[in-house]
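The sequence lines fix the lettering, A, B, ..., with proteins before strands; numbering per chain opens at 1.
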Amino acid sequence: MNPIRAIRGTRDILPPSSTVWNQVETVAREVFRRYNYQEIRTPVFEETGLFARGVGAETDIVSKEMYTFEDRDGGSLTLRPENTASVIRAYIEHRLDQQPGLQKLYYMGPMFRRERPQKGRYRQFYQIGAEAIGAGSPAVDAEVIEMVCEILTRCGVEGWKLFVNSVGCPECRPVYVAALRERLAGVAAGMCRDCQRRAETNPLRVLDCKVPEDQPVIDALPSIHDHLCQTCRGHFDSVKTYLADRSLAFEVRPRMVRGLDYYMRTTFEIVHEGALGSQNSVLGGGRYDGLAESLGSRVAAPGIGFSIGEDRLVMTVEETTAAARHTIDVYVAPMGEAAFRHCALVARDLRNAGLVVELAPAGKLKKAMETANKLGARKTLLVGDNEITAGAYTLKDMASGEQTTVDRTGLAEAVRN
RNA sequence: GUGCCUAUAGCUCAGCAGGUAGAGCGCUGGAUUGUGGUUCCAGAUGUCGUGGGUUCAAAUCCCACUAGGCACCCCA
C-alpha cells in the first residue's frame, strides 16, 4: 500500500516558507488597515450559479476549471475559483449598500481551479484581495492601485511593472469588438493558427498573442482607445491623472485583456520577471460596475478590486529578499530530572517575558549543546544541581562562546542582550 | 485539456553498452559521564515514483499510470 500524498496541484506550506507567508499577510493587513479596509470572510464554496452568472459562463474559469459537485439534496455547489463574486453576493445579501460610505473590504484565502499545475499555478492557490464597493469614481481606482503597490513595496519586492488599461463599457466595447472582428476577417488568414481560431471565438485574445510574426499585424489592428465612449474616456483620463499625481509609474497597455467577463473600464495588472517563469502576473484587478446587477441585485454596486496571487508574491519575496530566520532566543538545558522540573518553571517565566524558549529534555549536557547549536539558539542556559543550589545560572552566548552567571531575576534581560 | 523533458537515501545528485545500488551534505551513536561549532571513528539510510512487459537476470530496455518541471491554453 502506497502512502497517501497531497493531491495534484495542492501542496503543503512548511517552515521556513510559512514564515514568509505570514510576513506577506501581516504586511497586507497593515496596509489595508491604514487605507481603512476591513476583512470579509466568505464561504469557500457557493452555489454554482453565483460563478456562472458572476464570472461569466463563457470564461475558461467557468467553462472548464471549476470544482463543481452535487450536494446531497441535488443542488450544485462549487469551490470558489475567485472571490469577487462572493463578496458582491455578500454585499447584496447583507444590504451593505445601506451602510454609510464606501464598503472597503479585504480578504485572503484559498481559491480552486482545475488547471494543469505548473510553477506558480496550483489547483488550490491563495489570493489576497480587496474590493471598494459603492462608487464609480476614478479616484477610487487610483487609490486602490496605490494601495496594492504599497503592499508590494512593503513586502520588499522591486522591479515590478504596472500595466493599466480601459476595456470600455457595455456601450462601447461591443462596437469595438465588432470593428475588430471585421478587420480580423481580412487579415487572420496570415496569422498563427491560434489567432485564426481566436479571431472567431474571442477576437480580444488576438491582441494578447505573443508570436513575433503576428506582431506587425496586431499593431495595425484598431485600438480600444479609439473606440471608448465619452464616459469611459473621461474615466480613464482621470485614472491616469490621479496615478501620475501619486508618482506611480505605469504603462498603458491597450492590448491587455483580462479573462473575467465582469470587468469594465479600468483594468490593471502587475508583472514581475524572475522566479515566476511564464506565470509572471503577480496580481490583477479592475472595475466591475455591472456585476451586482448580473447577480440579480436591484441596487447598483459599482466597484473595483484586485487580487494578489499570494503563492506568486511569496515566490518573488523568497527570491529577492533573504528570509528572516526564525531564531530561538534561549535553549534551556537541564541536567537531570530535578533540574528539568526547575527549568520548566524558568522556561515559563522567560516565555512570559516574550522570549522564544526551547526547553530540552533532561539529559547529557553535551547532547544539549549540540542540539542548541543545530537549532541556531542565540543563548543556552545551563542548569544543574550546582546552579539550583547557588540560585545562579550559567548563560552561554553561542556565537562568542562567552559564559556569564546570572540570577533568576535578571535572566530575561540577560538573554535579551 | 495538448506537446516535450524528468522521477535513485531526508536534500543535491552519480550509477544506464542489462548482472538485485553509491558520493557529498544531513541524520544517529562514540572519541569527551557539566560545554556546541572544527576534527576523527562507527552506523542507518532506499519496495531505484507505481504497475505491467521483454530477459536466465531490469534502477538500466519497452508500455501504461502517477507526480513535478517547461511550453501552449489561460490566469493569480
Side-chain angles (χ1 to χ4, degrees), chain A residues 1-11 14 55 59-65 80-84 108-129 148 192-195 197-198 201-202 204-205 208-211 256-260 263 267 269-272 276-286 305-316 331 333-336 339 360 362-387 393-403:
Chain A
M1 192 169 73
N2 295 322
I4 295 173
R5 298 157 35 100
I7 63 175
R8 185 160 155 87
T10 71
R11 59 189 183 144
L14 307 170
V55 177
T59 60
D60 280 9
I61 291 175
V62 171
S63 64
K64 54 190 192 194
E65 295 173 2
R80 62 184 184 189
E82 58 103 55
N83 207 25
T84 301
M108 46 185 73
M111 308 295 160
F112 306 86
R113 291 182 202 171
R114 201 182 185 293
E115 294 181 273
R116 179 119 169 209
Q118 211 175 44
K119 184 194 280 190
R121 168 184 295 170
Y122 306 96
R123 289 182 172 182
Q124 174 172 335
F125 62 103
Y126 294 79
Q127 289 190 332
I128 298 174
V148 78
C192 71
R193 182 167 300 177
D194 284 332
C195 279
R197 176 178 50 77
R198 294 181 187 120
T201 58
N202 192 347
L204 290 172
R205 283 269 158 237
D208 226 17
C209 177
K210 294 168 192 78
V211 176
M256 185 175 75
V257 177
R258 315 236 80 245
L260 287 72
Y263 284 128
T267 59
E269 177 175 6
I270 288 180
V271 300
H272 187 272
L276 297 180
S278 66
Q279 265 64 50
N280 64 356
S281 172
V282 180
L283 80 264
F306 64 82
S307 62
I308 300 171
E310 190 175 357
D311 305 76
R312 295 177 185 179
L313 177 54
V314 167
M315 267 197 260
T316 63
Y331 189 81
M335 285 164 274
K364 293 182 187 172
L365 182 57
K366 175 183 155 53
K367 172 75 179 159
M369 293 302 298
E370 281 177 358
T371 306
N373 188 58
K374 280 174 194 161
L375 295 179
R378 288 176 45 241
K379 311 255 171 140
T380 301
L381 188 69
L382 287 57
V383 182
D385 296 339
N386 298 347
E387 280 78 3
Y393 310 112
T394 304
L395 185 65
K396 177 162 186 165
D397 184 288
M398 296 302 281
S400 67
E402 192 178 313
Q403 292 191 178

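- Partners of Ser281(A) by side chain to side chain donor-acceptor pair (under 3.5 Å), not counting sequence neighbours, listed by chain and number: Glu269(A).
- Straight-line distance between the C1' atoms of rC4(B) and rA9(B): roughly 29 Å, to the nearest whole Å.
- Heavy atoms of Arg114(A) sit under 4.0 angstrom from primed sugar atoms or phosphate atoms, though from no base atom.
- Listed by chain and residue number, nothing satisfies the salt bridge (charged side-chain N to carboxylate O under 4.0 Å, His left out) test with Arg8(A) (two or more places apart in sequence, or in another chain).
- Partners of Glu65(A) under the side chain to side chain donor-acceptor pair (under 3.5 Å) rule, at least two apart in sequence or in another chain, do not exist in this structure.
- If you take CZ on Phe112(A) and CD1 on Ile61(A), they are separated by 14.5 Å, rounding to the nearest 0.5 Å.
- Taking atom C1' in both rA67(B) and rU50(B), the straight-line distance is 10 Å, to the nearest Å.
- rG18(B) and rA59(B): their C1' atoms are spaced 10 Å apart (whole Å).
- For the side chain to side chain donor-acceptor pair (under 3.5 Å) test, no residue two or more places apart in sequence or in another chain qualifies with Glu115(A).
- Side-chain contact annotation: Ser307(A) with Glu82(A), donor-acceptor N/O pair under 3.5 Å absent.
- Judged as a ring pair (Phe, Tyr, Trp, His ring centres under 6.0 Å), and not counting sequence neighbours, the contacts of Tyr393(A) are His342(A).
- Residue Gly285(A) is classed as having no contact, given no heavy-atom separation below 4.0 Å to the nucleic acid.
- The gap from the P atom of rG24(B) to that of rC40(B) amounts to 12 Å, rounded to the nearest Å.
- Taking atom C1' on both rU60(B) and rU28(B), the two are 33 Å apart, rounded to the nearest angstrom.
- To the nearest whole angstrom, the two P atoms, one in rA21(B) and one in rG49(B), are 14 Å apart.
- Across rG15(B) and rA23(B), the matching C1' atoms stand 10 Å from one another, rounded to whole Å.
- Contacts of Lys64(A) classified as salt bridge (charged side-chain N to carboxylate O under 4.0 Å, His left out), with partners at least two apart in sequence or in another chain: Asp60(A).
- The nearest whole Å value for the distance from the CG atom in Leu375(A) to the C1' atom in rC27(B) is 14 Å.
- Residues passing the side chain to side chain donor-acceptor pair (under 3.5 Å) test with Tyr263(A): none are found, sequence neighbours excluded.
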Strictly under 4.0 angstrom, non-hydrogen atoms only: write out the protein contact profile of nucleotides 33-46 of chain B, one letter per nucleotide from the 5' end, B, S or -. -BBBB---------

When you check every protein heavy atom under 4.0 Å of nucleotides 69-76 of chain B, what one-letter string (B, S, -) results, 5' to 3'? BBBBBBBB

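- Rounded to a whole angstrom, the distance from the P atom of rG37(B) to that of rG26(B) is 12 Å.
- For residues 366-378 of chain A, every residue pair satisfying the salt bridge (Lys or Arg N to Asp or Glu O under 4.0 Å) rule, not counting sequence neighbours, is listed here: Asp329(A)-Arg378(A), Lys366(A)-Glu370(A).
- Helical stems involving RNA chain B, defined as 3 or more consecutive Watson-Crick or G-U pairs under 3.5 Å, span B:1-7 with B:66-72, B:10-13 with B:22-25, B:27-31 with B:39-43, B:49-53 with B:61-65.
- Under the salt bridge (charged side-chain N to carboxylate O under 4.0 Å, His left out) criterion, Arg11(A) pairs with Asp311(A), not counting sequence neighbours.
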